[in-house]
Amino acid sequence: MKPELQALTSENIVDFLGSIFDRRGGEEYLGEPVTMGEHMLQGATLAEQNGQSEEIIVGALLHDIGHFTSEFGTFTMNDTEDRHHEDAGADVLERFFPTIVTDCCRHHVAAKRYLCATRPEYFRRLSEASVHSLNLQGGPMTSEEAKDFEQNPNLDAIIAVRYLDDAGKKAGMNTPDFWHFAPMVQRLVDRQKKPIGVIAVQFRE
Ligand code: FE
């Protein structure tokens with residue numbers, strides 16, 4: 001069947017995100033004992049179990065969606081494979097979601113660098129793969145960088161999602177699938193209803 005080229009809208013974005021989980025969630029999360037889909041679902045499930053806000057649950061659910069950025073078609077001239085996944089994800093999410101959700105995605109790598117600089121016990125709990133990527137990502141923040149980072153009004157949510165990111169790496173944890181969270185995701189999209197530019201995507205077989 002010929003792939004259908006379709007524009008993402010606030011009406012179909014949730015289905016599209018769900019289809020990414022269904023089709024590609026089983027892909028490997030390099031160096032971790034969980035797949036990409038399991039990783040994001042674990043973060044969202046832990047957030048829900050702990051009574052966190054819907055913004056934080058959905059932030060955790062979608063924080064790594066940028067790993068699948070090829071799904072979203074070419075939406076800027078500068079969008080290349082080696083683009084940072086946190087920016088790639090946030091650039092898509094910001095068209096549909098409140099800033100707090102987008103910030104949780106955009107800053108989840110920086111949050112690791114921030115926490116390593118400000119909370120010594122945090123670094124000790126990182127997985128081996130996460131320590132390795134920390135070095136590629138620039139290492140712990142300087143105190144100057146940390147001070148800047150603290151200016152973000154969504155700091156608490158960003159840090160909460162970072163902890164969920166680190167926690168969501170448990171082999172064999174049971175979680176619901178994406179569709180359990182879909183109504184909540186849609187609520188946040190509906191609350192936002194940003195006027196959006198057209199992003200063409202292919203719904204693949
Ligand atoms: Fe992650």
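Whatever order the structure lists them in is the order used to number ligands and atoms, beginning at 1.
- Note on ring orientation: taking the six-membered ring where Trp is involved, the planes of Y122 and Y163 are perpendicular (angle over 60°, cut-offs 30° and 60°).
- The two atoms that bring A47 and I57 nearest to each other are CB-CG1, 3.7 Å, heavy atoms only.
- Note on the Fe ion (ligand 1): protein N/O/S atoms under 2.8 Å are H39 NE2, H63 NE2, D64 OD2, D165 OD1.
- Of all heavy-atom pairs spanning T102 and A90, the tightest one is CG2-O, 3.5 Å.
- Residues H108 and H63 come closest through the heavy atom pair CE1-O, 3.2 Å.
- For F21, the ring-ring contact (aromatic ring centres under 6.0 Å, His included) partners are F178, not counting sequence neighbours.
- Here the side chain of R106 pairs no donor or acceptor atom with the backbone of E86 at under 3.5 angstrom.
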